[in-house]
Amino acid sequence: MTDDLARAVRRPGALPALLTALGILLVLVVLGFLGATLTTLATTVQAELPAEFFAQLWVSQLAWALAGPVPIAIGAFLCFWQIAPIAPNLRLAHVVTRAILAGLAGTVLLFVLGLVFAFTLWLLSLAGVSRGVSLDVLPLLFQSLAMFLQVLPVLVLGAVLLWGWLQRHPPKVAVKGTLDEV
């Protein structure tokens, strides 16, 4: 088992996968900030809210960036490096399929982190620290799936851009992941 783990860590292709995941994270965070800014501007114009409302926007957007795009980017990195790497000899359909798999990996990570957070809040409510917290898994699942659908175009675009870059700069060593070894 330790040999398998050591071989997985030494698997080539970490840098392109990391740069792609960081690009995906950056795009998702920028899109989130732009969307939240436009929504806040629309609300501010209609309701004549004070300018301090924008400060709350940035704080909530930072929390959203940590709760949504970061697990998605981690899932994309792990998938593009270990599970199903993008190789220059793949067909476009395979690249898109691997991007979907990367999105699912990030969604599972997002769901598990949400479960841990919800379970912690639920335990705190049992201890009397907070009130009115229930452990509802189904809404968390639907929120995770909604996030998957929202980020899927960015993941596909990132995978296709990585694929194109790898076709112009082929790796010296053949990149294979867990999916390729099965």
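What you see below is based on every heavy atom in this structure, not just the backbone, and it leaves out hydrogens, waters and symmetry mates.
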- Could you tell me whether the side chain of Ile100 reaches within less than 4.5 Å of the side chain of Phe148, counting heavy atoms only? yes
- When hydrophobic residues are tied together by side-chain contacts of less than 4.5 Å, even through go-betweens, does Leu26 share a cluster with Leu161? no
- Closest heavy-atom pair, Ala21 versus Ala73, reported as atoms and distance to 0.1 Å, is CB-O, 3.4 Å
- Examine Leu152 and Ile72 and state if one hydrophobic cluster contains both, with Ile, Leu, Val, Met, Phe, Trp and Tyr joined whenever side-chain heavy atoms are less than 4.5 Å apart. yes
- Query: Heavy atoms, side chains only, cut-off 4.5 Å: are Pro171 and Pro16 in contact?
  - Reply: no
- Message: Applying a strict under-4.5 Å side-chain criterion to I, L, V, M, F, W and Y, I'd like to know whether Leu92 and Trp165 cluster together.
- Response: yes
- Message: Applying a strict under-4.5 Å side-chain criterion to I, L, V, M, F, W and Y, I'd like to know whether Leu121 and Val112 cluster together.
- Response: no
- Check the hydrophobic clustering (I, L, V, M, F, W, Y; side-chain heavy atoms under 4.5 Å; chains of links allowed) and say if Leu138 and Leu115 are grouped together. yes
- Query: Short question: side chain of Arg98, backbone of Phe80 - any donor-acceptor pair under 3.5 Å?
  - Reply: no
- Nearest-0.5 Å distance, OG1 of residue Thr107 to CE of residue Met147: 8.5 Å
- Write down the atom of Leu101, the atom of Ala84, and the distance for their closest heavy-atom approach. CD2-CB, 3.9 Å
- Query: Side-chain contact, heavy-atom cut-off 4.5 Å: Phe111 with Leu140?
  - Reply: yes
- Query: To the nearest 0.5 Å, how far apart are CH2 in Trp163 and CG in Leu166?
  - Reply: 10.5 Å
- Query: Among Val160, Val95, Thr20, which one satisfies side chain to side chain contact (heavy atoms under 4.5 Å, CB included) with Ile86?
  - Reply: Val95
- Straight-line distance of Gln167 CD to Leu90 CG, nearest 0.5 Å: 9.0 Å
- Message: Ignoring hydrogens, what is the shortest heavy-atom contact between Ala76 and Ala102? Give both atom names and the distance.
- Response: CA-CB, 3.9 Å
- Query: From Leu155 CG over to Cys79 SG, what is the distance, rounded to the nearest 0.5 angstrom?
  - Reply: 9.5 Å
- Item | Nearest heavy atoms of Pro71 and Leu113, plus distance in Å | CG-CD1, 3.8 Å
